[in-house]
Amino acid sequence: MENQATLFTRAVVSLVRRIPKGKVATYGQIARLAGNPRGARGVGWILHSKGRAKGLPWQRVINRLGQISFPPDTRDHAIQRRRLEAEGIAFDRTGTVDLKKFGWKKTAKEKA
DNA sequence: GTTTTGACAGTAT
DNA sequence: AATACTGCCAAAA
């Protein structure tokens, strides 16, 4: 059987890929659905490392604060913000997204 | 093979 | 209520 760790990565990728347009999910949300409530970090690096290479919508995944983690000076940050805005995500003056409105809600109840 | 880093979250003080 | 420390997973050096 495959290593669970690999499954975790795959689970994260699958979940991120299932995030509907106009919605954003937090690392904790994904991590929990992936089966690792404490693996929020794991979600982050996967999206940046593998996710980017896989062409995943890592842009829809942000931290629990509703903000993009890396500094606004980074190019990826600008790209992500631009993409989210293009999908209908509203950013606050400080670059914060209202998770209460755009927070992905696992609509189909797809239990992990 | 071991050590350090990394796009966070949760709990404790 | 706010701040700090710890915990977790996986990958790269």
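No experiment lies behind these values; they were computed from the predicted model shown. Hydrogens, waters and symmetry mates are skipped; everything else that's a heavy atom, side chains included, is used. Chain letters run A, B, ... following the sequence lines, proteins first and then strands; every chain starts at 1.
The distance from atom CG of L33(A) to atom P of dA9(B) is 13 Å, rounded to the nearest whole Å. The distance between atom CD1 of I46(A) and atom C1' of dA7(B), rounded to the nearest whole Å, is 12 Å. Distance W58(A) CH2 to dG6(B) C1': 15 Å, rounded to the nearest Å. dA9(B) atom C1' lies 14 Å from atom CG of L99(A), rounded to whole Å. As rounded to whole Å, 13 Å separates atom C1' of dC9(C) from atom NZ of K50(A). The distance from atom CG of L15(A) to atom C1' of dC9(C) is 15 Å, rounded to the nearest whole Å. Rounded to whole angstrom, the span from the CD atom of Q29(A) across to the P atom of dA9(B) amounts to 11 Å. The CH2 atom of W45(A) sits 19 Å away from the P atom of dT4(B) (whole-angstrom rounding).
Using a 4.0 Å cutoff on non-hydrogen atoms, no part of residues 75-82 of chain A comes near DNA chain B.
Within the 4.0 Å cut-off from OP1 or OP2 of dA7(B), not a single side-chain nitrogen or oxygen of R41(A) is found. A sub-4.0 Å separation between OP1 or OP2 of dC8(B) and a side-chain N or O of S69(A) is present.
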Write out a two-atom table: protein N or O, nucleotide N or O from nucleotides 11-13 of chain B, distance below 3.5 Å.
none

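Checked by atom type and distance alone, the side chain of Q59(A) never pairs as donor or acceptor with a backbone atom of R83(A) at under 3.5 Å. Distance alone, capped at 3.5 Å, places no donor-acceptor pair between the D76(A) side chain and the I79(A) backbone.
A pairwise comparison of heavy atoms in V61(A) and T26(A) identifies CG1-C, 4.4 Å as the closest pair. What you find for I30(A) and A25(A) is that their closest heavy atoms are CD1-CB, 3.9 Å. Here the shortest heavy-atom pairing between W104(A) and P20(A) reads NE1-CD, 3.1 Å. Residues F8(A) and N36(A) share a closest heavy-atom pair of CD1-ND2, 2.7 Å.
Side-chain atoms of Y27(A) and base atoms of dA7(B) include a donor and an acceptor less than 3.5 Å apart.
Residues E87(A) and R60(A) are paired through a salt bridge, judged by an N-O separation under 4.0 Å between the basic side chain and the carboxylate.
Proximity of I62(A) to V97(A): side-chain heavy atoms (C-beta onward) are separated by under 4.5 Å at one or more points.
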Audit row: I46(A), V13(A), side-chain contact (heavy atoms from CB on, under 4.5 Å) steps and yes/no: CA-CA 8 Å; I46(A) 286 170; V13(A) 173; 4.2 Å; yes
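Nearest to the side-chain atoms of N63(A) among the listed nucleotides dA7(B), dA11(C), dA9(B) stands dA9(B). Candidate nucleotides dA7(B), dA11(C), dA9(B) were compared by shortest atom distance to the side chain of F70(A), and dA7(B) ranks first.
Cluster membership for Y27(A) and F70(A), using ILVMFWY side-chain heavy atoms within less than 4.5 angstrom, is shared.
Nearer the 5' end of DNA chain B, as judged by each residue's closest nucleotide, is the contact made by G42(A), out of G42(A) and R64(A).
Residue contacts shown for V43(A) are absent, as no nucleic acid heavy atom lies under 4.0 Å away.
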